Amino acid sequence: MAERRQPIQIDSAMLQHYIEALGSIGRQAGGGIVRPVYSAAWVQARGQLAAWMRAAGLDVREDSVGNLFGRLRGVDDSRTILTGSHLDTVPLGGKFDGTLGILSGLVALRALREQAGQPLRSLEVVALCEEEGSRFQAHYWGTRGMLGLIGADELERLRDDRGMTIAKAMRAVGLSPERYHEAVRRDLDAFIELHIEQGRILFDERVDLGIVQAIVGLQHQWVTVKGRADHAGTTPMHLRRDALQGAAQMAVEITRLVEQDGRPAVVTLGKWEVKPGAVNVIPDEVSFSIDLRHPEEEIKRRLATAIRDRCQAIARERGLVVSSEITSDSPPSSMDAALQAILISSAEACGASWRAMPSGAGHDSQEMARHLPTAMLFVPSVEGRSHSAAEYTTQEDAARGATVLATALHQLAY
Ligand code: GLV
Ligand code: MN
Ligand code: MN
């Protein structure tokens, strides 16, 4: 590991330009970004990134699931230190979530190539795909491709809202889904992901950086409540089997159960479908999502069971039928202690204040950490806003994060 007297100087103006330029791809009228995996906006953003990677002197390639890589070859090119994050956004998301990790890695590798020359081990920056699961509910798809965790059945089973399979969407952007297993990597020694905090701890405490210790456990469910469609004007209230009234009561009860458990348990019911969806027809089928998070797996499971039991009881009381499918389930994940120590010493070498903290948001790192040494560096989110167009990190904070990332990569690869 090489110590370095002069910190690596990243180009803050270039980082800022990249953030703005990438943030304009997929941007909607209100400012939010829509850039789901394998969409036209995603293809355009990836093309732009590839051009910037080439300009930085990196070797560029994509893998069989659509992850994009820029590589700075080491003296020993057989092993890799990987950095980066995801390129896809939530619907109407902000320009920092995921993107900042890719762009910080890109300017860090550029600065390292120019200021420190060839590393001993290869360094690589990656733009990962479908972390958010916004299009196919295929969370951490790019990361799972690299770790060999994609199931062959997913290719034809996972569909977007318009019914298109993920295999078809991959073909539409020139990928060959049947070659998904070729994305597997066996050369990775470490993964370091820089990300915005997406909460307000660093902002409120005026701390420069967060060193993530662990990422919360997260379960997603898709709940379907079935009742009976009837006439809105002629069916007395006591004779209805209204799927929406049942689902609404479930929503109130789920929220109450989790609130009763107290912090840090959180639950969100963010997506709803009501059928047949007419003003004068009693809804006969309602589906909604549950996003349940807790840093302790046992408590997450206990809450999930309590939610399921309560929903079944409500369905019985109202003559409805409820079913639920677990669409994603990740236990809590711990970050690598040695890599955390390198991030801390890098922060201190750059004169940045830091604190250890958990992540309430899900990240590619939580999957990576189960297979290789992984660590995360958080930069402050102004007022903690994220997953919205209001997401913002100052130029100074972004540049500081990228500088510390570059310093840590230097320690690891030179
Ligand atoms: C990803 O951003 C998540 O935490 O849902
Ligand atoms: Mn996100
Ligand atoms: Mn993210």
Side-chain angles (χ1 to χ4, degrees), residues 10-28 31-53 55-56 58 60 62 66-70 82-110 124-135 139-143 191-198 359 361-365 376-382 385-403 405-406:
I10 67 98
D11 187 335
S12 172
M14 177 179 280
L15 177 58
Q16 212 53 34
H17 165 67
Y18 285 172
I19 292 167
E20 293 305 324
L22 213 54
S24 72
I25 301 175
R27 185 161 61 207
Q28 309 296 300
I33 302 167
V34 179
R35 201 164 60 217
V37 71
Y38 309 142
S39 65
W42 177 87
V43 169
Q44 190 188 341
R46 223 170 41 125
Q48 177 60 84
L49 261 180
W52 290 335
M53 285 174 174
L58 307 178
V60 180
E62 73 170 8
N67 296 315
L68 179 76
F69 302 90
L82 187 69
T83 189
S85 192
H86 59 97
L87 186 59
D88 56 299
T89 67
V90 291
L92 301 177
K95 60 186 171 209
F96 294 88
D97 179 2
T99 309
L100 187 63
I102 304 167
L103 297 176
S104 299
L106 172 57
V107 296
L109 261 55
R110 183 186 190 116
E124 204 165 58
V125 57
V126 60
L128 295 159
C129 49
E130 181 74 340
E131 185 266 354
E132 303 283 8
S134 297
R135 181 164 179 194
H139 297 269
Y140 319 119
W141 179 251
T143 290
F191 179 57
I192 299 195
E193 183 176 12
L194 180 148
H195 205 281
I196 53 170
E197 182 199 332
Q198 306 182 276
S359 171
H363 298 287
D364 289 293
S365 284
M376 287 197 83
L377 185 63
F378 277 175
V379 294
S381 296
V382 172
R385 300 295 306 277
S386 184
H387 279 188
S388 99
E391 194 171 80
Y392 181 58
T393 292
T394 66
Q395 177 167 356
E396 190 189 0
D397 283 338
R400 188 186 291 109
T403 304
L405 176 67

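Keep in mind that this is a model prediction, so the values were computed, not measured. Numbers for residues simply follow the sequence, beginning at 1.
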When you measure from the side chain of S104 to the backbone N and O of A402, does any donor-acceptor pair fall under 3.5 Å? no
Could you pull out the closest heavy-atom pair between F191 and G84, with the gap in Å? CZ-O, 3.5 Å
Taking the side chain from D364 and the backbone from E131, do they hold a donor-acceptor pair closer than 3.5 Å? no
For a 4.5 angstrom cut-off between non-hydrogen side-chain atoms, does F96 reach S381? no
In this structure, CG of L87 is separated from OG1 of T99 (nearest 0.5 Å) by 6.0 Å
State the CD-CD distance between E396 and Q16, to the nearest 0.5 angstrom. 11.5 Å
Counting C-beta onward and ignoring hydrogens, is there a side-chain heavy-atom pair between L103 and L49 closer than 4.5 Å? yes
Mind checking the OG1-CZ spacing from T89 to R135? Nearest 0.5 Å is all I need. 12.0 Å
Nearest heavy atoms of L109 and V125, plus distance in Å: CD2-N, 3.7 Å
Within-4.5 Å side-chain heavy-atom neighbours: S386 and E391: yes
If only atom types and distance count, is the side chain of T403 paired as donor or acceptor with the main-chain N or O of I10 below 3.5 Å? no
Does the pair R35 and Q44 meet the rule for a side chain to side chain contact (heavy atoms under 4.5 Å, CB included), with working shown? CA-CA 10 Å; R35 201 164 60 217; Q44 190 188 341; over 6 Å; no
N/O donor-acceptor pair under 3.5 Å between T143 side chain and Y140 backbone: no
Pair L106, L58 - check side chain to side chain contact (heavy atoms under 4.5 Å, CB included), show working. CA-CA 9 Å; L106 172 57; L58 307 178; 4.0 Å; yes
If you round to the nearest 0.5 Å, how far is CD1 of I19 from OH of Y392? 9.0 Å
G31 to A389 - nearest heavy-atom pair and separation: C-CB, 3.7 Å
Identify the two heavy atoms, one from R385 and one from S388, that lie closest to each other, and give their separation to 0.1 Å. NH2-OG, 3.5 Å
Any donor-acceptor N/O pair, N67 side chain to G142 backbone, under 3.5 Å: yes
Could you tell me whether the side chain of V34 reaches within less than 4.5 Å of the side chain of L92, counting heavy atoms only? yes
Rounded to the nearest 0.5 Å, what separates atom CD1 in I192 from atom OG1 in T83? 6.5 Å
Nearest heavy atoms of Q395 and S12, plus distance in Å: NE2-OG, 3.0 Å
pair I33-K95: side-chain heavy atoms closer than 4.5 Å: yes
Minimum-distance pair of heavy atoms, taken over all atoms of D397 and P380: OD2-CG, 3.5 Å
Measure the CD-NE2 distance between E130 and H139 for me, rounded to the nearest 0.5 Å. 7.5 Å
Verify side chain to side chain contact (heavy atoms under 4.5 Å, CB included) between D88 and W141, making sure each step is shown before the conclusion. CA-CA 11 Å; D88 56 299; W141 179 251; over 6 Å; no
Run the side-chain contact (heavy atoms from CB on, under 4.5 Å) test against S85 and tell me which residues pass, sequence neighbours left out. I102, E193, H195
With side chain to side chain contact (heavy atoms under 4.5 Å, CB included) as the criterion, how do H387 and D97 come out once you've worked through the C-alpha distance, each side chain's angles and the decisive distance to 0.1 Å? CA-CA 7 Å; H387 279 188; D97 179 2; 3.0 Å; yes
